Amino acid sequence: MGSNNKSQKNQRTATAAQRAQRVRDAEERERRAKERAEAEAKTKKIFTIVVCVILVLALGIPTVALSVLSM
C-alpha cells in the first residue's frame, strides 16, 4: 500500500505541475494577444498620420503654386 500512495501523490503533483504549465501558457497567449493589438493600433495611427500628410501636401502644393504664378 505504501507504493500505491506514493504513485497517487506523484500523479497529483504532476497534475498540479500541468495546471501550473497551463496557467503559464494562458498568460503567455494573453501577453502575445495584447502585444499584437498594441502593434496593430500603432500601425493604424502611423497610417492615419501618413495619409493626412499626403493630403495636406496634395492640397497645399497646388495652392501655393497657383498663388505664386498669379503674382
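On a predicted model such as this, the values are computed, not experimentally measured, just so you know.
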Between the CD atom in Glu35 and the CD atom in Glu30, the distance rounded to the nearest 0.5 Å is 12.0 Å
Apply side chain to side chain contact (heavy atoms under 4.5 Å, CB included) to the pair Val23 and Glu27, showing each step before the final yes or no.
CA-CA 6 Å; Val23 169; Glu27 289 171 349; 3.7 Å; yes
Enter the distance from Arg22:CZ to Arg24:CZ here, rounded to the nearest 0.5 Å.
11.5 Å
The residue among Ile54, Val53, Thr48 that forms side chain to side chain contact (heavy atoms under 4.5 Å, CB included) with Val50 is Ile54
In this structure, NZ of Lys34 is separated from CD of Glu38 (nearest 0.5 Å) by 5.5 Å
Take atom CZ of Arg32 as the centre, draw a 6.0 Å sphere, and report whether it contains more than 12 heavy atoms from other residues, nucleotides or ligands.
no
Cluster check Val51, Leu59: I/L/V/M/F/W/Y, side chain < 4.5 angstrom:
no
Answer yes when Arg36 and Glu40 have at least one side-chain N-carboxylate O distance shorter than 4.0 Å, and no when they do not.
no
